[in-house]
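What follows is a single structure, written as structure tokens, with notes after it.
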Amino acid sequence: MHSDAIVAPKSPVAAAPRGLRLALFDLDHTLLPLDSDYAWGQFTVALGWRDAESHTRANDAFYEQYKAGKLDIAEYIRFATSALREQGLAQANAAHARFMNEVIRPAMRPAAQALVQQHQAAGDTVIIITATNEFVTRPIAQAFGVPELMAVDLERDASGEPTGEIRGTPSFREGKVARVEQWLVARGLSWADVTHSSFYSDSINDLPLLEKVQEPVATNPDARLQAIAAERGWRILNLFE
């Protein structure tokens, strides 16, 4: 086991001449030094869309459940999309553009951006895979220059508005492994076609996918993941020190 406190991330190994190399990244507290879903919720409070006391109390409770690995993802998505559904997509999209400029872009760190770019330059297929929903995270993935995003997909009504329910497999815990497998199958591939796979995550919730890839990297890890990474000799990377 070794721990890297970095300014400039180490360059990944050069891409293999044949086969698929996957570089998978969690988003919140991995590439970003914050939780984008939680921050979006607090942003809607600041806009006056939600009651500050009741929303913050519920948001804090869900966040503690997430950190403890006990989150009911379906219940949380209904809560997390409530302001979006009440305001409608047009108004929510305009607010999200402000959210990007006022909250997300100032939080993006050069070390995280450089790490993503180094994998891309090496020829790896870079995918952000997150338990935060697609509405919140699609513009963030674009800001990192990553077109491939696996987020919690939202069910939409006939007019395209989110219903509060999840479409397909949520990219959460074991669901992240399933979503990668679905992505591979859609391209006529399987894990056997992956020459090398790495996954960067901060969270104990991502243990199933960390155990699946060839190169798990505990990135800004929480205490529980830090302990597992140390025990198993996984690389530990601190992007925000």
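The residues of the chain are indexed from 1 along the displayed sequence. Values below: all heavy atoms of this structure, side chains included; hydrogens, waters and symmetry mates excluded.
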May I ask you to decide whether [X] forms a salt bridge with [Y], counting only side-chain N to carboxylate O separations under 4.0 Å?
| X | Y | result |
| --- | --- | --- |
| D72 | R78 | no |
| R138 | E134 | no |
| E215 | R21 | no |

Working to the nearest 0.5 Å, report the span between [atom1] of [X] and [atom2] of [Y].
| X | Y | atom1 | atom2 | result |
| --- | --- | --- | --- | --- |
| Y200 | I128 | OH | CD1 | 13.0 Å |
| L34 | L27 | CG | CG | 8.5 Å |
| T44 | N59 | OG1 | CG | 8.0 Å |
| I228 | I236 | CD1 | CD1 | 11.0 Å |
| L209 | S203 | CG | OG | 11.5 Å |
| D51 | R57 | CG | CZ | 8.0 Å |

Return yes if some donor-acceptor pair links the side-chain N/O of [X] with the main-chain N/O of [Y] below 3.5 Å, else return no.
| X | Y | result |
| --- | --- | --- |
| D157 | T163 | no |
| N220 | T30 | yes |
| Q182 | T169 | no |
| R98 | A94 | no |
| K176 | I129 | yes |
| R167 | E165 | no |
| R179 | A151 | yes |
| S171 | V152 | yes |
| E161 | L89 | yes |
| T132 | T130 | no |

Find out whether [X] and [Y] are in side-chain contact, i.e. whether some heavy atom of one side chain is under 4.5 Å from a heavy atom of the other.
| X | Y | value |
| --- | --- | --- |
| M108 | L32 | yes |
| V116 | V126 | yes |
| L22 | W183 | yes |
| S197 | L20 | no |
| F25 | T219 | no |
| R50 | T56 | no |
| W234 | E211 | yes |
| L71 | N205 | no |

Of the non-hydrogen atoms in [X] and [Y], which two are nearest, and what is the gap between them?
| X | Y | value |
| --- | --- | --- |
| P139 | F135 | CD-O, 3.6 Å |
| I73 | P170 | CG2-CG, 4.2 Å |
| A111 | L239 | CB-O, 3.8 Å |
| R232 | L207 | NH1-CD1, 4.2 Å |
| W49 | A92 | CH2-CA, 3.9 Å |
| A23 | S198 | CA-OG, 3.6 Å |

- Task: Return yes if a side-chain donor-acceptor contact under 3.5 Å exists between S36 and D28, otherwise no.
- Result: yes
- Would you say the side-chain atoms of T125 and E148 include a donor-acceptor pair closer than 3.5 Å? no
- Show your reasoning for whether side chain to side chain contact (heavy atoms under 4.5 Å, CB included) applies to M100 and Q142. CA-CA 11 Å; M100 288 295 298; Q142 291 170 348; over 6 Å; no
- Message: If the test is ring-ring contact (aromatic ring centres under 6.0 Å, His included), which one of Y63, F62, Y66 qualifies with Y76?
- Response: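 Result for ring-ring contact (aromatic ring centres under 6.0 Å, His included) with Y76: F62.
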- Can F43 be reached from V45 by stepping across I, L, V, M, F, W or Y side chains whose heavy atoms are under 4.5 Å apart?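 The answer is no; the residues belong to distinct hydrophobic clusters.
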- Message: Does L237 form a side chain to side chain contact (heavy atoms under 4.5 Å, CB included) with L115? I'd like the steps, not just the answer.
- Response: CA-CA 11 Å; L237 177 65; L115 180 59; 3.9 Å; yes
- If the plane angle is over 60° it's perpendicular, under 30° parallel, otherwise tilted; pick one for H96 and W40.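 Taking W40 first and then H96, their aromatic rings sit tilted (interplane angle of 30° to 60°).
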- Task: For L225 and L210, run side chain to side chain contact (heavy atoms under 4.5 Å, CB included): C-alpha distance rounded to whole Å, both residues' side-chain angles, the deciding distance at 0.1 Å, then the answer.
- Result: CA-CA 10 Å; L225 182 57; L210 286 164; 3.7 Å; yes
- Message: If you take the centroid of each ring, where Trp contributes its six-membered ring, are H55 and F79 closer together than 6.0 Å?
- Response: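 F79 vs H55: aromatic centres under 6.0 Å.
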